[in-house]
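We count residues from 1, following the sequence as given.
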Amino acid sequence: MESISPSFFCRFIGVATEIKISDNGIIIEVNKKITQLTWEELIVPPLFHLSFFGQIITFKTINQNYVFTMLAYGAKRQQKENCERLWASVNSKRVEKLLSAIDKITTSQYLRQSIIDKVRIAVEQEAKRWFPWVKVAKWNKRDGVWIKLTEKLQQLSLHQGWNEEVIEKYRESFVTKQLNLHKTFFDEVESNPLTEYQRRACIIDNDNNLLLAGAGTGKTSVMVGRAGYLLRSEQAQSDEVLLLAYGRKAADEMDERIKDKLLINTVSATTFHSLGLSIIAQVEGKNPALSTLAEDEKAKFSWVQQYLVKYLNENAQYRALVVDYFSQYFYTPRNAFDFTSLGE
């Protein structure tokens with residue numbers, strides 16, 4: 001264990017201070033009061049500044065700066081490089097862990113925007129920790145710790161430069177990999193193999209996904225394929241998948257297709273209406289009271305018709321508005337430029 005002793009002046013006018021340096025961290029003893037700091041706690045290596053009365057050494061942590069004065073004049077020459085080496089050796093594991101996590105993220109899942117934001121924050125934090133110090137550090141470039149650290153910081157610098165092109169490259173690489181891994185599933189999940197656009201819609205997994213498709217283009221097939229893909233790729237468990245439709249008929253069709261194509265009973269489709277009712281029932285402990293009109297389309301139509309006739313018969317102003325609407329606005333006039341000839 002190395003140590004830094006007080007300077008000559010400290011013995012006469014200062015407070016007795018001794019700093020011990022080990023692989024685990026630093027022990028500071030001031031008037032028999034001991035403070036211990038690990039290398040992980042320090043956000044930068046110890047800082048040395050020479051003054052008339054001796055060396056001033058500063059230890060910076062997230063919450064506090066520890067400053068000790070009147071230390072041996074030769075402390076910087078004797079211990080600065082050793083302290084930097086120990087600090088870098090321990091804290092470089094943080095960079096290694098971060099790089100490993102980024103490598104796993106970019107190869108094992110689709111890069112969501114929320115993940116990108118978190119990666120950028122983590123990379124920037126490490127960049128602020130390392131790059132300003134590395135620029136001024138004077139090390140033996142052949143030192144093993146320095147060589148390994150330099151390699152890691154080069155990778156960190158690459159991640160610091162993420163732009164849309166880099167992100168799209170990671171995303172496309174993941175999609176291509178998943179297309180190959182699950183080709184058989186996408187070929188067989190429906191009566192006809194899913195198209196490439198449908199397959200990509202199943203795989204692409206941002207925080208929010210908007211799928212634009214016309215009638216009869218296979219939206220239900222994509223919903224079934226996506227649910228199956230998430231389960232097969234183990235990106236989700238069955239109790240984490242919720243399939244919703246606006247109408248009961250669409251929900252029943254989706255439900256039937258899932259059971260038929262995926263051969264599972266643990267995932268089902270429902271309507272927004274049914275989901276809302278179930279949530280209210282769970283929270284309140286009982287089913288809410290609903291109007292008959294909420295579930296009976298014939299009753300709702302009859303109710304609307306009844307009140308329309310009532311207002312037409314009893315309210316002259318309302319009757320005039322209805323006549324005006326049907327005579328003037330119900331059929332939108334065609335634009336002259338819609339026709340190609342005078343005959344049309």
**Asked** Can Ile121 be reached from Val95 by stepping across I, L, V, M, F, W or Y side chains whose heavy atoms are under 4.5 Å apart?
**Response** no
**Asked** When rounded to the nearest 0.5 angstrom, what distance separates CZ in Arg85 from SG in Cys83?
**Response** 12.5 Å
**Item:** Residues clustering with Leu263 (ILVMFWY side chains joined when closer than 4.5 Å, directly or via others)
**Value:** none
**Prompt:** Taking the six-membered ring for Trp, is the centroid-to-centroid distance between Phe52 and Phe9 below 6.0 Å?
**Reply:** yes
**Asked** Rounded to the nearest 0.5 Å, what separation is found between the CD1 atom of Ile167 and the CD1 atom of Ile116?
**Response** 4.0 Å
**Asked** Could you give the distance from CZ (Phe186) to CZ (Arg200), rounded to the nearest 0.5 Å?
**Response** 11.0 Å
**Message:** Checking the side chain of Thr150 only, and the main-chain atoms of Trp146 only, is there a donor and an acceptor separated by less than 3.5 Å?
**Reply:** yes
**Message:** Any non-hydrogen side-chain atom of Pro46 less than 4.5 Å from a side-chain atom of Ile26?
**Reply:** yes
**Prompt:** Is Glu253 salt-bridged to Arg257, going by a charged N under 4.0 Å from an acidic O?
**Reply:** yes
**Request:** Indicate yes or no for a side-chain donor-acceptor contact from Asn31 to the backbone of Lys33 under 3.5 Å, with no hydrogens or angles considered.
**Result:** no
**Request:** Would you give the length of the straight line joining atom NZ of Lys128 to atom CD1 of Ile43, rounded to the nearest 0.5 angstrom?
**Result:** 11.5 Å
**Item:** Leu99: which of Arg94, Lys104, Lys152, Glu126 passes side-chain contact (heavy atoms from CB on, under 4.5 Å)
**Value:** Lys152
**Request:** Apply side-chain contact (heavy atoms from CB on, under 4.5 Å) to the pair Thr270 and Leu244, showing each step before the final yes or no.
**Result:** CA-CA 5 Å; Thr270 186; Leu244 295 172; 3.5 Å; yes
**Whether Thr176 side chain and Glu172 backbone form a donor-acceptor pair below 3.5 Å** = yes
**Message:** For Lys259 and Asp255: C-alpha separation, side-chain torsions, deciding distance, then whether salt bridge (Lys or Arg N to Asp or Glu O under 4.0 Å) applies.
**Reply:** CA-CA 6 Å; Lys259 290 179 173 58; Asp255 201 33; 3.0 Å; yes
**Prompt:** So Trp87 and Trp133, would you call those rings parallel, tilted or perpendicular, with 30° and 60° as cut-offs?
**Reply:** perpendicular
**Prompt:** When rounded to the nearest 0.5 angstrom, what is the spacing between CG in Leu37 and CD1 in Ile28?
**Reply:** 4.5 Å
**Request:** Scan for ring-ring contact (aromatic ring centres under 6.0 Å, His included) pairs involving residues 18-44, sequence neighbours excluded, and state none if there are none.
**Result:** none
**Prompt:** Under 30°, 30 to 60°, or over 60°: which ring-plane class applies to His159 and Trp162, parallel, tilted or perpendicular?
**Reply:** perpendicular
**Prompt:** Mind checking whether Gln178 and Cys202 have side chains closer than 4.5 Å, heavy atoms only?
**Reply:** no
**Prompt:** Step by step, would you call Lys80 with Glu84 a salt bridge (Lys or Arg N to Asp or Glu O under 4.0 Å)?
**Reply:** CA-CA 6 Å; Lys80 183 175 185 295; Glu84 289 182 346; 2.6 Å; yes
**Request:** Would you check if Leu290 and Leu277 make a side-chain contact, meaning some heavy-atom pair closer than 4.5 Å?
**Result:** yes
**Asked** Tell me, do Ile4 and Phe48 make a side-chain contact under 4.5 Å, heavy atoms counted?
**Response** yes
**Message:** Side-chain heavy atoms nearer than 4.5 Å, only ILVMFWY residues, links allowed to pass through others: does that put Tyr311 and Val304 together?
**Reply:** yes
**Request:** Could you tell me whether the side chain of Asp260 and the main chain of Glu256 form a donor-acceptor pair under 3.5 Å?
**Result:** no
**Request:** Answer yes or no: are there more than 12 heavy-atom neighbours, outside Gln237 itself, under 6.0 Å from its atom CD?
**Result:** no
**ILVMFWY network linking Phe174 to Leu194, side-chain heavy atoms under 4.5 angstrom** = yes
**Item:** side-chain contact (heavy atoms from CB on, under 4.5 Å) between Trp130 and Leu149, intermediate numbers included
**Value:** CA-CA 10 Å; Trp130 291 97; Leu149 176 61; 3.6 Å; yes
**Point-to-point distance, once rounded to the nearest 0.5 Å, from CD1 of Ile102 to OG1 of Thr107** = 11.5 Å
**Message:** Please determine whether salt bridge (Lys or Arg N to Asp or Glu O under 4.0 Å) holds for the pair Glu297 and Lys300, giving the CA-CA distance in whole Å, both sets of side-chain angles, and the decisive distance to 0.1 Å.
**Reply:** CA-CA 5 Å; Glu297 286 295 324; Lys300 182 168 66 175; 3.5 Å; yes
**Message:** Using the rule that Ile, Leu, Val, Met, Phe, Trp and Tyr join whenever any side-chain heavy atoms are under 4.5 Å apart, tell me whether Ile56 and Ile21 fall into a single cluster.
**Reply:** no
**Prompt:** Heavy atoms, side chains only, cut-off 4.5 Å: are Leu86 and Asp23 in contact?
**Reply:** yes
**Prompt:** Is the backbone of Tyr110 close enough, under 3.5 Å, to the side chain of Arg171 for a donor and an acceptor to pair up by distance?
**Reply:** no
**Asked** Does a side-chain heavy-atom distance below 4.5 Å link Ile19 with Glu29?
**Response** no
**Request:** List the steps, then state whether side-chain contact (heavy atoms from CB on, under 4.5 Å) holds for Ile57 with Phe59.
**Result:** CA-CA 7 Å; Ile57 302 181; Phe59 303 103; 3.6 Å; yes
**Asked** Sub-3.5 Å donor-acceptor pair from the side chain of Asn180 to the main-chain atoms of Lys177, do we have one?
**Response** no
**Asked** Short question: side chain of Asp324, backbone of Ala320 - any donor-acceptor pair under 3.5 Å?
**Response** no
**Asked** Under the criterion side chain to side chain donor-acceptor pair (under 3.5 Å), which of Arg199, Gln235, His182 is the partner of Tyr229?
**Response** Gln235
**Request:** Check the pair Gln113, Asp117 against side-chain contact (heavy atoms from CB on, under 4.5 Å), reporting the backbone distance first and the verdict last.
**Result:** CA-CA 6 Å; Gln113 186 59 48; Asp117 294 339; 3.0 Å; yes
**Message:** Please determine whether residues Leu230 and Leu242 belong to a single hydrophobic cluster, defined as Ile, Leu, Val, Met, Phe, Trp and Tyr linked transitively by side-chain heavy-atom distances below 4.5 Å.
**Reply:** no
**Prompt:** How is the hydrophobic cluster of Leu47 composed, in terms of its other members, when Ile, Leu, Val, Met, Phe, Trp and Tyr link through side-chain heavy atoms under 4.5 Å apart, directly or indirectly?
**Reply:** none
**Message:** Please enumerate all residues that pass salt bridge (Lys or Arg N to Asp or Glu O under 4.0 Å) together with Lys183, with sequence neighbours excluded.
**Reply:** Asp187
**Request:** Taking side-chain contact (heavy atoms from CB on, under 4.5 Å) as the test, write out the residues that go with Asn287, two or more places apart.
**Result:** Ala281
**Prompt:** Is there a donor-acceptor contact under 3.5 Å from the side chain of Ser7 to the main chain of Met70?
**Reply:** yes
**Message:** Closer than 3.5 angstrom, by distance alone: can the side chain of Asn206 be matched with the main-chain N or O of Asn209 as a donor-acceptor pair?
**Reply:** no
**Message:** For Gln64, give me all partners under side-chain contact (heavy atoms from CB on, under 4.5 Å), at least two apart in sequence or on another chain.
**Reply:** Thr61, Tyr66
**Prompt:** Between Glu151 and Lys148, is the closest basic N to carboxylate O distance under 4.0 Å?
**Reply:** no
**Prompt:** Hey, are the side chains of Ile115 and Lys118 touching, using non-hydrogen atoms and a 4.5 Å cut-off?
**Reply:** no
**Item:** Backbone of Ala88 reached by a side-chain donor or acceptor of Ser92 within 3.5 Å
**Value:** yes
**Prompt:** With a 4.5 Å heavy-atom cut-off, do Glu344 and Asp338 have their side chains touching?
**Reply:** no
